[in-house]
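Everything on this sheet refers to the single structure shown next.
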Amino acid sequence: MNFTVSESIEFSNDILKPISNFKNERFEIVICPSFMSLPFNYQILSNLVKFGAQNISHNHGEKGSFTGEISAEMLVNLGIEAVILGHSERRQHFFEKDDLIKSKARSANNQGLTSIICIGETSEEKRLMQTDTVVINQLRNSLPETFSHSNTVIAYEPVWAIGTGKTPTAEEIADVHYKIREYIAKVSNAEISSSIRIIYGGSVNPKNAKDILSVKDVDGALVGGASLLEKDFSK
């Protein structure tokens, strides 16, 4: 909840040139603006990037008496291809639990959206050395039965690293991503486990992005604060 519509349009125009100069079929860029800005950003950048939303309703019906909600069908109709679910801010400030996130992911997948499912431990859980337990439990309880390597991205975002400037060590990031991939292999198969995208989020910035993206099993980055400034995001 940062940009007004006019600010978001200005940002889209600012990043238009640097993104157009970046051509690499091995990578995808997905931008997830606010609901208000999505249609306007889409008109400017949809030929260059994919678009996602920051949340959707958990109601499975295509339409209904759910005032204020946004359905997966509405997003697909606009051309949106992905949605962030279970972000730590949604879990913390809006008290979203794993079963609600699973329901939203099921709705997203059923409409053809890619679910970007966020999981991660708090500073207290890290202090108590509960990272692996917390992360795997969140993953187990948030993944719908509809998940696959083609419709799901898993984002490991330690809560204590978001917006703090602190990041786990490369070894810690590698260990958690390995544990996630190992769990996926147990509940699906080796092909899905090796193909599913697992990305890291939490104080990713131009200075540490290269190192983080070089870590084994890290397939990308969920960029937060550094995506608010064109010069940072472009780098």
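All heavy atoms count here, side chains included; hydrogens, waters and symmetry mates do not.
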Consider only side-chain N and O atoms of S234 and E230, and report whether a donor and an acceptor are under 3.5 Å apart.
yes
State whether K179 and E182 are salt-bridged, where the test is any N-O pair (Lys NZ or Arg NE/NH1/NH2 against Asp/Glu carboxylate O) under 4.0 Å.
no
Donor-acceptor pair, side chain of N41 and main chain of S8, under 3.5 angstrom:
yes
Which is it for E157 and R91 under the salt bridge (Lys or Arg N to Asp or Glu O under 4.0 Å) test, yes or no, and what are the steps along the way?
CA-CA 12 Å; E157 49 153 20; R91 292 177 183 266; over 6 Å; no
Are any side-chain N or O atoms of S107 and backbone N or O atoms of S103, one a donor and one an acceptor, separated by less than 3.5 Å?
yes
Is a side-chain donor-acceptor pair under 3.5 Å present for K104 with N55?
yes
May I ask you to decide if the ring planes of Y156 and H177 are parallel, tilted or perpendicular, using 30° and 60° as cut-offs?
perpendicular
Enclosure of Y178 OH (heavy-atom neighbours >12, cutoff 6.0 Å)
no
Under a 3.5 Å distance rule, please check whether N110 uses its side chain to pair with a backbone N or O of R106 as donor and acceptor.
yes
Check the side chains of N137 and R140 for a donor-acceptor pair under 3.5 angstrom, ignoring hydrogens and angles.
yes
Apply salt bridge (Lys or Arg N to Asp or Glu O under 4.0 Å) to the pair K102 and D98, showing each step before the final yes or no.
CA-CA 6 Å; K102 177 187 285 189; D98 293 336; over 6 Å; no
Ignoring hydrogens and angles, tell me if any N or O in the side chain of S227 forms a donor-acceptor pair with the backbone of G224 under 3.5 Å.
yes
